[in-house]
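Here the structure comes first, spelled out in structure tokens, and everything after it is commentary.
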Protein chains: 2
Amino acid sequence: MNADVKVLDSQQLLIHWQGHRNLTRRVIEAFPEKDLFEFSIGGMRPFAKLALELLAIGGPALKSIVEGTINEFDESFNPTTKAEILAKWDEETETINEYFSQISEERFQEMFNLFGQYEFPIYQNILYFVDNEIHHRGQGYVYLRALGIEPPFFWERQR
Amino acid sequence: MNADVKVLDSQQLLIHWQGHRNLTRRVIEAFPEKDLFEFSIGGMRPFAKLALELLAIGGPALKSIVEGTINEFDESFNPTTKAEILAKWDEETETINEYFSQISEERFQEMFNLFGQYEFPIYQNILYFVDNEIHHRGQGYVYLRALGIEPPFFWERQR
């Protein structure tokens with residue numbers, strides 16, 4: 001038995017997620033202001049709405065996991081400019097770093113009833129946050145291409 | 001020190017990936033035959049081409065990691081029907097199960113030069129396969145919506 005044997009540790013998962021969040025931030029930036037809030041294909045939400053969903057998940061979910069509280073999913077934050085979204089994005093980057101580091105590795109296999117609705121092991125909840133972000137950002141790439149804008153490279157995750 | 005402390009184990013990562021692959025398979029199925037090969041937005045590849053990229057990565061990459069060989073990235077498989085893609089998809093499901101289970105957990109932190117081009121720790125390479133699949137499938141969701149077709153639920157991963 002060797003405690004060093006692991007697929008990845010929690011710090012590596014945090015870095016992985018923040019790399020994705022950095023890319024998503026650059027996708028938000030790439031949208032013209034008006035299109036960020038209005039452009040849509042096939043009746044889907046504009047990219048601002050998708051970004052707000054992501055903001056309503058990451059930080060609040062981690063805070064809830066660390067504090068052991070059941071908070072309802074809250075999408076009431078309703079900014080009207082790209083700058084407000086980006087400022088909130090950066091604020092949540094710090095929130096995520098702060099709370100993620102407080103989840104001990106022992107807890108990742110524990111069940112947690114996120115937002116009082118999604119009862120899964122914590123590692124599955126966190127993978128879901130990352131997957132959901134990649135999924136919505138993939139939609140954002142199509143919106144950008146449809147607008148004639150080159151999106152950032154998918155594999156570039158660092159600032 | 002406790003060897004049971006882990007974010008997730010390799011079997012959980014395999015199940016996670018195969019859950020995503022199951023969803024991607026249903027997205028392929030949801031496309032009308034002609035649109036699978038031809039429909040595109042903003043000059044992006046049709047969904048068949050994206051699915052073929054995924055098929056060229058998963059199984060061949062794992063085989064290469066297990067056998068320690070450097071194979072070039074090979075996208076020469078060129079099917080013309082949805083049925084051929086789905087048959088190959090199912091074949092690769094088995095290939096992935098077979099080879100993934102042969103990567104011992106000790107190896108996930110080792111570096112591997114995938115396709116002679118992408119030198120990263122094995123856990124990062126494998127997360128990239130999953131992320132890349134979610135990313136392209138997110139594009140597929142927009143294509144389906146633009147075609148007036150309801151995609152499968154993102155959170156449903158089982159058969």
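Numbers restart at 1 for each chain; the letters A, B, ... are given by sequence-line order, proteins then strands. Below, each value reflects all heavy atoms present in this structure, side chains not excepted, and no hydrogens, waters or symmetry copies.
Interface check for chain A: of the options B:His20, B:Gln139, B:Arg107, B:Gln12, the most heavy-atom pairs under 4.5 Å are formed by B:Gln12. Of the listed residues (B:Ser10, B:Gly138, B:Gly148), the one with the most heavy-atom contacts under 4.5 Å to chain A is B:Gly138. Contact count versus chain A (heavy atoms, under 4.5 Å) is highest, among B:Gly42, B:Ala146, B:Gly43, B:Gly140, for B:Gly42. Here A:Leu127 is the residue among A:Asp9, A:Leu127, A:Leu147, A:Leu144 with the most heavy-atom pairs under 4.5 Å with chain B. Annotation: maximal heavy-atom pairing with chain B below 4.5 Å, among A:Arg137, A:His135, A:Arg145, A:Glu105, occurs at A:His135. Per-residue counts of heavy-atom pairs under 4.5 Å with chain A were compared for B:Asp131, B:Ile122, B:Asn132; the largest is that of B:Asp131.
A salt bridge links B:Lys88 and B:Glu91; the closest N-O separation between the charged side-chain nitrogens and carboxylate oxygens is under 4.0 Å.
At least one side-chain heavy atom of B:Tyr143 sits under 4.5 Å from a side-chain heavy atom of B:Met44.
No side-chain donor-acceptor contact under 3.5 Å links B:Asn22 and B:Glu156.
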- Item | Full working for side-chain contact (heavy atoms from CB on, under 4.5 Å) between A:Ile57 and A:Phe73 | CA-CA 8 Å; A:Ile57 295 175; A:Phe73 185 60; 3.6 Å; yes
- Query: Should B:Tyr123 and B:Phe108 be marked as a ring pair (Phe, Tyr, Trp, His ring centres under 6.0 Å) after you check the CA-CA gap, both sets of side-chain angles, and the distance that decides it?
  - Reply: CA-CA 5 Å; B:Tyr123 83 89; B:Phe108 281 81; 8.3 Å; no
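If you measure heavy-atom distances from B:His136 to chain A, you find no contacts under 4.5 Å at all. Residue contact with chain A, scored on non-hydrogen atoms closer than 4.5 Å, involves the backbone and the side chain of B:Ile134 alike. Using a 4.5 Å cut-off between heavy atoms, B:Phe154 touches chain A through its side chain atoms alone.
Contact between A:Leu55 and A:Glu92 at its shortest, heavy atoms only, is CD2-CG, 3.7 Å. Contact between B:Arg21 and B:Glu133 at its shortest, heavy atoms only, is CA-OE2, 3.2 Å.
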